[in-house]
Structure formats: structure tokens, C-alpha cells
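Written out below as C-alpha cells is the structure these notes cover.
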Number of protein chains: 2
Amino acid sequence: MTTRKPTSTNQRNRQVLDEYCGMTYALHLLGGRWKLLILYKLEQQKRRFSELKQVLPHITDRMLTLQLRELEHDGLVARTVFAEVPPRVEYELTASGHALSPTWKSLEAWGNTHRQATETMPG
Amino acid sequence: MTTRKPTSTNQRNRQVLDEYCGMTYALHLLGGRWKLLILYKLEQQKRRFSELKQVLPHITDRMLTLQLRELEHDGLVARTVFAEVPPRVEYELTASGHALSPTWKSLEAWGNTHRQATETMPG
DNA sequence: CGTCATACTTCCTTTTTTGTTAGTACCACA
DNA sequence: TGTGGTACTAACAAAAAAGGAAGTATGACG
């Protein structure tokens with residue numbers, strides 16, 4: 001419960017844009033510092049919480065938990081808890097998550113190309 | 001000039017991730033509330049500042065200026081000033097900007113599909 | 001009873017992003 | 001001299017995202 005000005009348009013703008021176009025809606029689900037990376041790491045294989053932590057440089061427990069929760073809520077990642085001690089939890093992509101992988105691959109390809117192009121630009 | 005803790009890892013994390021993978025680097029260039037939308041509106045035609053303002057719901061002068069400046073700096077958009085009064089400034093996509101359009105189209109397609117899928121989901 | 005390992009949660013601070021308000025320069029034209 | 005239209009800019013405020021530090025439940029094992 002955060003207090004927010006009753007006239008806030010910050011929140012409204014996001015909602016308007018999300019309804020207005022699937023692109024900004026998607027960006028909203030994928031935005032943030034870690035989400036694309038998490039999806040990427042889950043593409044080939046399911047992984048445990050601790051395994052994700054190992055492969056994601058500098059992420060904290062808190063951020064990993066938060067991002068996974070949102071991805072789960074948004075239907076991109078499935079979470080399976082094994083009733084063991086110590087606990088074991090596995091994360092894997094859903095069908096929707098997998099459906100997105102061509103897109104982030106093309107994003108990665110563009111990113112690498114564009115970076116080279118701008119880095120070698122004169123001026 | 002904002003003051004920042006010398007030990008801040010927020011900034012560092014972004015840089016690390018951007019260098020680590022073209023996907024997060026790209027996301028960094030495209031992230032934020034308006035950028036993809038601006039690119040999208042410029043895909044078919046060049047537009048003036050005031051024209052962009054008209055087609056972007058609820059954007060403010062300030063945000064439009066900021067986002068255009070970053071897109072220009074990042075080599076996605078070209079800016080042309082005409083020495084007239086009142087001033088006229090036109091924005092258009094660069095080659096890199098155009099190269100990205102298949103990607104945001106697939107993002108949009110995925111977004112629309114995914115939204116339908118999750119909205120109609122039971123539970 | 002104390003320790004271990006995993007996967008978290010809670011409370012709080014800092015940093016980043018977005019929005020608000022009120023301006024400015026330019027020159028033609030009335 | 002005053003108004004009009006365009007494309008901004010500066011100072012400030014609010015909201016959102018990210019990070020830091022410390023704590024919790026579980027049950028096997030010693």
C-alpha cells in the first residue's frame with residue numbers, strides 16, 4: 001500500500017498504452033533488469049532457484065524472487081515445488097514463454113549488430 | 001549531476017548486463033514507456049515534433065523531447081532542423097531503426113496472442 | 001539441543017524514471 | 001507594441017524499480 005496522488009497519470013499512462021498496443025503490453029511484462037535474462041536462462045532447461053542465482057551475475061535473492069513471481073503471474077514461467085527438506089523449487093518456461101524466444105533472439109542479434117555499428121561509427 | 005553512493009551497484013548491474021548480452025543492451029535502448037511507440041509511429045513516415053505529440057496519447061513535451069534525444073543519441077532516429085520561423089523539426093528512423101521493425105512486430109504479435117491467452121484462461 | 005541447506009520474506013534506503021509547471025527564442029504580421 | 005505558433009528547457013515533485021541487510025520454516029543429522 002503506497003500512497004499515491006489521486007491525480008497520478010503515471011499509472012494511467014501505462015495502462016492506456018498497454019491497452020493501446022500489444023507491443024507496450026509485452027514490454028511491460030518483459031521489462032526490468034532481469035526478466036529477459038531469466039527467460040533466456042530457462043530456455044534450454046529447467047533450473048532451480050539456486051541455479052538461477054548462480055548464472056545471473058549479481059542478482060540478489062530478493063530481486064530473483066520478485067521477478068520470478070511476476071513471470072509466473074504473467075504466465076511465462078511455471079514453478080514446481082518439491083516437498084523436500086531442504087526445499088527444492090524448479091522453474092521452467094511455459095508454452096507462451098517458449099513462443100517468445102524467437103523474438104528475444106532477434107532482439108539479441110539486433111543488439112549485437114547495432115552495438116558494433118555505433119561503436120565503430122566515426123565521431 | 002545527481003549524487004550517488006560510490007558503492008552503488010544499481011548502475012554497475014546495468015552496465016554488466018548490457019555488456020554481457022545484446023538482448024539486455026537492446027532492452028536498455030528501447031525500454032521506457034514511450035520509445036517503442038515513437039519508433040513505431042516513425043516507421044511509415046517522418047514526423048514533426050508536434051505530429052508525434054498528436055499521435056502519442058498523453059505524452060508531455062518534456063518526455064517526448066527526452067526520449068527523442070536518447071533515440072537520436074543511440075542512433076535509432078535522425079533529427080532534421082529547418083531554419084524557419086516558427087521552427088520545424090522532423091524526425092525519421094535511421095537504418096538501424098528500420099532494421100528493428102521486424103522485432104517489434106513480432107513482439108506485438110506475441111503480446112496480442114499472449115494477452116488473449118491469459119485473459120481467457122480459467123481460474 | 002544445535003547445525004545445515006534451501007528458498008524464500010520483511011523492512012528499509014537508494015537510484016532511476018516519469019510527470020508538473022512555468023517558462024524561452026524566434027520573427028512574421030496586425 | 002503585442003500576439004501567434006513551434007519546439008523546446010529548467011527546476012521541482014512524485015512514482016516506480018532496484019538494492020541491502022537480516023530474519024524465517026523445514027526436518028534430517030550429529
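So that the names make sense, note that chain A is the first sequence line, chain B the second, and so on, each numbered from 1.
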Main-chain N/O of A/G97 paired to A/T94 side chain as donor or acceptor, under 3.5 Å: yes
Atom CD of B/E84 and atom P of C/dA28: how far apart are they, to the nearest Å? 12 Å
Can you tell which of C/dG19, D/dT9, D/dT6 lies closest to the side chain of B/P87? D/dT6
Heavy-atom nearest nucleotide on DNA chain C taken for A/L68 and for B/G31; more 5' hit belongs to A/L68
Please confirm whether the backbone N or O of B/T103 pairs with a side-chain atom of A/S106, one donor and one acceptor, at under 3.5 Å? no
Out of C/dA5, D/dA18, C/dT9, which nucleotide sits closest to the side chain of A/M63? D/dA18
Which nucleotide wins on minimum distance to the side chain of B/R62, given the candidates D/dT26, D/dA10, C/dC8? D/dA10
Tell me which nucleotide among C/dC8, C/dA5, C/dA7 gets nearest to the side chain of A/S50. C/dA7
Side-chain donor/acceptor of B/R69 to backbone N/O of B/L64, under 3.5 Å: no
Without decimals, in angstroms, what is the distance between B/K53 NZ and C/dG19 P? 15 Å
What does B/R12 touch in the nucleic acid at a heavy-atom separation under 4.0 angstrom: a base, only the sugar-phosphate, or nothing? nothing
What is the distance, rounded to the nearest whole Å, between atom CG of B/L64 and atom C1' of C/dG19? 14 Å
Using a cut-off of strictly less than 4.0 Å, decide whether B/T9 has a side-chain nitrogen or oxygen near OP1 or OP2 of D/dG20. yes
Has A/R69 got a side-chain N or O lying under 4.0 Å from the OP1 or OP2 atom of C/dT9? yes
So, does A/R14 get its side chain near the phosphate of D/dA15, meaning an N or O under 4.0 Å from OP1 or OP2? no
Any carboxylate oxygen within less than 4.0 angstrom of a Lys/Arg side-chain nitrogen, looking at A/E43 and A/K105? yes
For the pair A/E90 and A/R47, find out whether any cationic side-chain nitrogen is under 4.0 Å from an anionic carboxylate oxygen. no
Specify the separation, in whole Å, of atom CG of B/L66 and atom C1' of C/dT17. 10 Å
Quick one: B/E51 CD to D/dG5 P, roughly how many Å, whole number? 17 Å
Return the nearest nucleotide to the side chain of A/D61; candidates are C/dC8, C/dG19, D/dT6. C/dC8
Side-chain N or O of B/R79 closer than 4.0 Å to phosphate OP1/OP2 of D/dC8: yes
Selected nucleotide, minimal atom distance to A/V89 side chain, candidates C/dA5, C/dT16, C/dA7: C/dA7
D/dG5, C/dT18, D/dT26: which one has an atom nearest the side-chain heavy atoms of B/R33? C/dT18
Look at the side chain of A/T65 and decide which nucleotide, out of C/dC8, D/dT6, C/dG19, has an atom nearest to it. C/dC8
Between A/I59 and B/R88, which is nearer to the 5' end of DNA chain D once each is assigned its nearest nucleotide? B/R88
State whether A/Q11 places a side-chain N or O below 4.0 Å from either non-bridging phosphate oxygen (OP1 or OP2) of D/dA16. yes
Tell me whether the guanidinium CZ or amine NZ of B/R48 lies under 6.0 angstrom from the six-membered ring centre of B/Y91 and within 45° of its axis. no
Looking for any heavy atom pair under 4.0 Å, which part of the strands does B/Y91 touch: base, sugar-phosphate only, or nothing? sugar-phosphate
Take the protein atom CD1 of B/I38 and the nucleotide atom C1' of C/dT18, then report the distance between them rounded to whole Å. 13 Å
Integer-rounded Å distance: C/dT18 P and B/L56 CG: 14 Å
Please tell me which of the listed nucleotides, C/dT16, C/dT18, D/dA18, lies nearest to the side chain of A/Q67? D/dA18
Between A/H58 and B/N13: side-chain donor-acceptor atoms closer than 3.5 Å: no
Are OP1 or OP2 of D/dA16 and a side-chain N or O of A/N10 less than 4.0 angstrom apart? no
Atom pair distance, as rounded to whole Å: CZ in A/F49 and C1' in C/dT9: 11 Å
Quick one: which of D/dG19, C/dT16, C/dG19 gets closest to the side chain of B/W34? C/dG19
